[in-house]
Amino acid sequence: MNASLESLYSACNMQSDTVPLLQNGQHARSQPPASASKPAQAQASPRQKVQRSQPVHILAVRRLQEEDQQFRTSSLPAIPNPFPELCGPGSPPVVTASSLPPPTQAPPTKQVSTLVVRRGTSTGPHRASLQPKKSCPCVLTQYTIHSFCFDVKVFSEDGTSKVVEILTDMTARDLCQLLVYKSHCVDDNSWTLVEHHPHLGLERFLEDHELVVQVEGTMGSESKFLFRKNYAKYEFFKNPVNFFPEQMVTWCQQSNGSQTQLLQNFLNASSCPEIQGFLHVKELGRKSWKKLYVCLRRSGLYCSTKGTSKEPRHLQLLADLEESNIFFLIAGKKQYSAPTDHGLCIKPNKVKNEAKELRLLCAEDEQTRICWMTAFRLLKYGMLLYQNYRIPQQRKALLSPFATPVRSVSENSLVAMDFSGQTGRVIENPAEAQSAALEEGHAWRKRSMRMNILGSQSPLHPSTLSTVIHRTQHWFHGRITREESHRIIKQQGLVDGLFLLRDSQSNPKAFVLTLCHHQKIKNFQILPFEDEGQTFFTLDDGNTKFSDLIQLVDFYQLNKGVLPCKLKHHCIRVAL
């Protein structure tokens, strides 16, 4: 497994090193052999020969000389001039028979392929060619310049978009890293590219190894790419038990069926894991749904025509895995009359805008839907998913130890510290850490009160600043509804500790913390609390008070407190 990862990583490096990027959109020209054919001599008098000077030929030679000066590089010699006598100051602009070189056979035309980086706003491939005119008497080598650049338009969650030039071999991971660099975001390997079909009500996130150009070829005119966070992209490698309940997994005879061998059986092509369970299936060409016993194997998705029987004579093929991809249903109840909100769809790659050939399914709950989606990905891609999961970790290990690390909020990177003594120490006791946070908050309020003795209600006054400073944070999403906050959490991955803060709809002075724990979304109200003329914020009825929401979030990133888990990842929306 490690050997295959190393071979893939080395292949990616070799491929990226051989891309012939040139500067300023110029391309290199190889030196073709110059030759010329002797033109036919017309029967005319000497006076007519002097007047017939062939200005078209001279202009063509001068044009070729200008092009040679424009496209000349330091590493390649210039194309030799077949008419040196025309360049002298004393030579008349007349072509005579004695001044032409002896006729030679014209060399065959050559095709030279190079890369041209073109800037523009139109989408699609761009091709260009450079050919001499047929009227030119000089036989030159024909150059064809093939452009491998494509313009892709990517949208963000807030509606902004950016047109990015990509190569034909650029993967979804490469494009995400490019957008992260252009948007000045933190690259924590959780960004993803989403294939969004608004007319069909479908979307899915691209795998890191998928080619963007190939995926775009299967999309309709109204479809688009979205740039979004997805923390649960490889979460099943960390905790597979939460993704695959025992009652939904069936093993082959060669497997022992233990949870430790769960992923090995999915990644191994010789093993035969199966995912089974009841799903609501929409009949093709009809609006009705039926609850059927469904079985997912490497060969495809099957349904049983007789109860829960999995005998070959009772299994009917629903969809194939090779030429299809699985999508989330965005609004299954409204658009397809689905029985629940946990719908999924198997869409063939050849289908762009037609909804008749879509295989629509619906699960009872979100955990069941995620299980089917994850099993579909593992059975289709197998080891490629594990390689995509391991490549960022290998690249991080190859970085220089002097490189600046990326700060991430996690249990291992944030700890409570005490600097009251001569040396700092880590506070391991949660009660002591909570007391230290309270003391720090009181000290901050005392310092701010001393700095504002006059008590002017300026924009920088503590009482005003504490109520607006949180609006500058990425985890605060303003006035959104409860349903919208749940949708954002689901889109960015149902992982433990994923959270966002928003304004409360029931209490205009309060806020709501939306948190994900065990693939379920919970809401906690943050209430204002008055103490000695000062306004604080609390989650536990005043037992723990904070001067602003930033201090509250920082505290619960370090301590669980009354929450079911610590705050680990925040939902973020960036403007492209």
Side-chain angles (χ1 to χ4, degrees), residues 1-12 15 169-177 187-195 203-212 214-215 218 228-245 248-249 251-252 255 259-275 296-301 319-328 344 346-347 349 367 369-397 491-495 519:
M1 183 180 298
N2 294 332
S4 61
L5 290 174
E6 294 297 333
S7 61
L8 177 64
Y9 181 72
S10 60
C12 294
Q15 183 179 4
D169 58 347
M170 180 171 285
T171 62
R173 182 195 294 272
D174 298 333
L175 181 55
C176 287
Q177 290 181 344
D187 188 8
D188 55 357
N189 299 310
S190 61
W191 292 99
T192 185
L193 203 64
V194 178
E195 179 183 351
E203 68 178 20
R204 75 175 181 98
F205 60 88
L206 273 65
E207 304 295 345
D208 288 339
H209 64 272
E210 290 189 74
L211 299 179
V212 179
Q214 291 184 0
V215 176
T218 62
R228 181 190 298 166
K229 281 273 191 180
N230 187 6
Y231 294 100
K233 184 164 51 174
Y234 300 117
E235 190 68 18
F236 55 87
F237 284 117
K238 304 175 183 177
N239 194 2
V241 180
N242 294 339
F243 286 83
F244 301 103
M248 294 184 61
V249 182
W251 308 100
C252 63
S255 174
Q259 292 292 341
T260 56
Q261 300 295 326
L262 180 66
L263 293 177
Q264 285 78 354
N265 284 274
F266 272 110
L267 301 179
N268 188 6
S270 61
S271 60
C272 306
E274 297 179 1
I275 302 298
L296 179 61
R297 299 177 177 178
R298 293 192 181 276
S299 56
L301 183 67
D320 189 10
L321 304 183
E322 294 296 331
E323 299 298 330
S324 303
N325 284 302
I326 192 165
F327 289 77
F328 289 95
L344 51 113
I346 298 180
K347 172 183 170 295
N349 296 334
Q367 183 181 11
R369 178 170 72 164
I370 293 177
C371 177
W372 286 102
M373 299 280 293
T374 306
F376 189 97
R377 295 172 56 200
L378 285 170
L379 290 178
K380 182 176 181 180
Y381 297 110
M383 185 58 69
L384 282 175
L385 293 185
Y386 185 75
Q387 293 174 350
N388 296 338
Y389 167 67
R390 292 292 299 173
I391 283 178
Q393 301 179 7
Q394 293 179 350
R395 290 181 177 178
K396 185 177 180 180
Q491 286 180 348
Q492 302 197 11
L494 293 177
V495 297
Q519 298 183 351

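Every value quoted in this text rests on a predicted model; they were computed, and no experiment measured them.
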Report the C-alpha distance between Arg390 and Phe237 in whole Å, list the side-chain angles of each, state the deciding distance to 0.1 Å, and finish with yes or no for side-chain contact (heavy atoms from CB on, under 4.5 Å).
CA-CA 10 Å; Arg390 292 292 299 173; Phe237 284 117; over 6 Å; no
Arg204 and Glu210: salt bridge (charged side-chain N to carboxylate O under 4.0 Å, His left out), yes or no, with the steps?
CA-CA 13 Å; Arg204 75 175 181 98; Glu210 290 189 74; 3.0 Å; yes
Passes side-chain contact (heavy atoms from CB on, under 4.5 Å), Tyr381 versus Gln387? Steps please.
CA-CA 10 Å; Tyr381 297 110; Gln387 293 174 350; over 6 Å; no
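A donor-acceptor pair is defined here as one N or O able to donate and one able to accept, closer than 3.5 Å; such a pair exists between the side chain of Arg173 and the backbone of Asn388. In this structure, the side chain of Lys233 engages the main chain of Trp191 through a donor-acceptor pair within 3.5 Å.
The distance from the OG1 atom of Thr192 to the CD atom of Gln492 is 11.0 Å, given to the nearest 0.5 Å. Atom CD1 in Ile275 sits 12.5 Å away from atom CZ in Arg297 (nearest 0.5 Å). Atom CD of Gln177 sits about 9.5 Å away from atom CE of Met170, to the nearest 0.5 Å. With rounding to the nearest 0.5 angstrom, the CD1 atom of Ile391 is 8.0 Å from the CG atom of Asp208. Ser324 contributes atom OG, which lies 6.0 Å from atom CG of Asn349 (distance to the nearest 0.5 angstrom). To the nearest 0.5 Å, the span separating CG on Leu379 from CG on Leu385 amounts to 10.0 Å.
Closest of all the heavy-atom pairs between Ala319 and Ile346 is CB-CG2, 3.7 Å. Across all non-hydrogen atoms, the minimal contact from Gly300 to Leu321 is CA-CG, 3.9 Å. Taking all atoms of both residues into account, the shortest heavy-atom contact from Leu494 to Ala232 is N-CB, 4.1 Å. When every heavy atom of Leu344 is checked against every heavy atom of Met373, the shortest pair comes out as CB-SD, 4.0 Å. Nearest heavy-atom pair, Asp188 versus Lys229, reported as atom, atom and distance to 0.1 Å: OD2-NZ, 2.6 Å.
No side-chain heavy atom of Phe376 sits under 4.5 Å from any side-chain heavy atom of Leu301. At a threshold of 4.5 Å between non-hydrogen side-chain atoms, the residues Thr374 and Phe244 count as touching. Under the 4.5 Å side-chain criterion, counting only non-hydrogen atoms from C-beta, Val212 is not in contact with Thr171. Within the 4.5 Å cutoff, the side chain of Leu378 has no heavy atoms near those of the Phe243 side chain. Between Asn189 and Tyr234, the closest side-chain pair of non-hydrogen atoms is not below 4.5 Å. Looking at heavy atoms from C-beta onward, Leu206 lies in side-chain contact with Glu195 at the 4.5 angstrom threshold.
With sequence neighbours excluded, no residue satisfies salt bridge (Lys or Arg N to Asp or Glu O under 4.0 Å) with Asp174. Residues satisfying the salt bridge (Lys or Arg N to Asp or Glu O under 4.0 Å) test with Lys347, not counting sequence neighbours, are none. Partners of Gln367 under the side chain to side chain contact (heavy atoms under 4.5 Å, CB included) rule, at least two apart in sequence or in another chain, are Pro245, Asp365, Gln519.
For Glu207 and Lys380, the salt-bridge test fails: no basic side-chain N is under 4.0 Å from an acidic carboxylate O.
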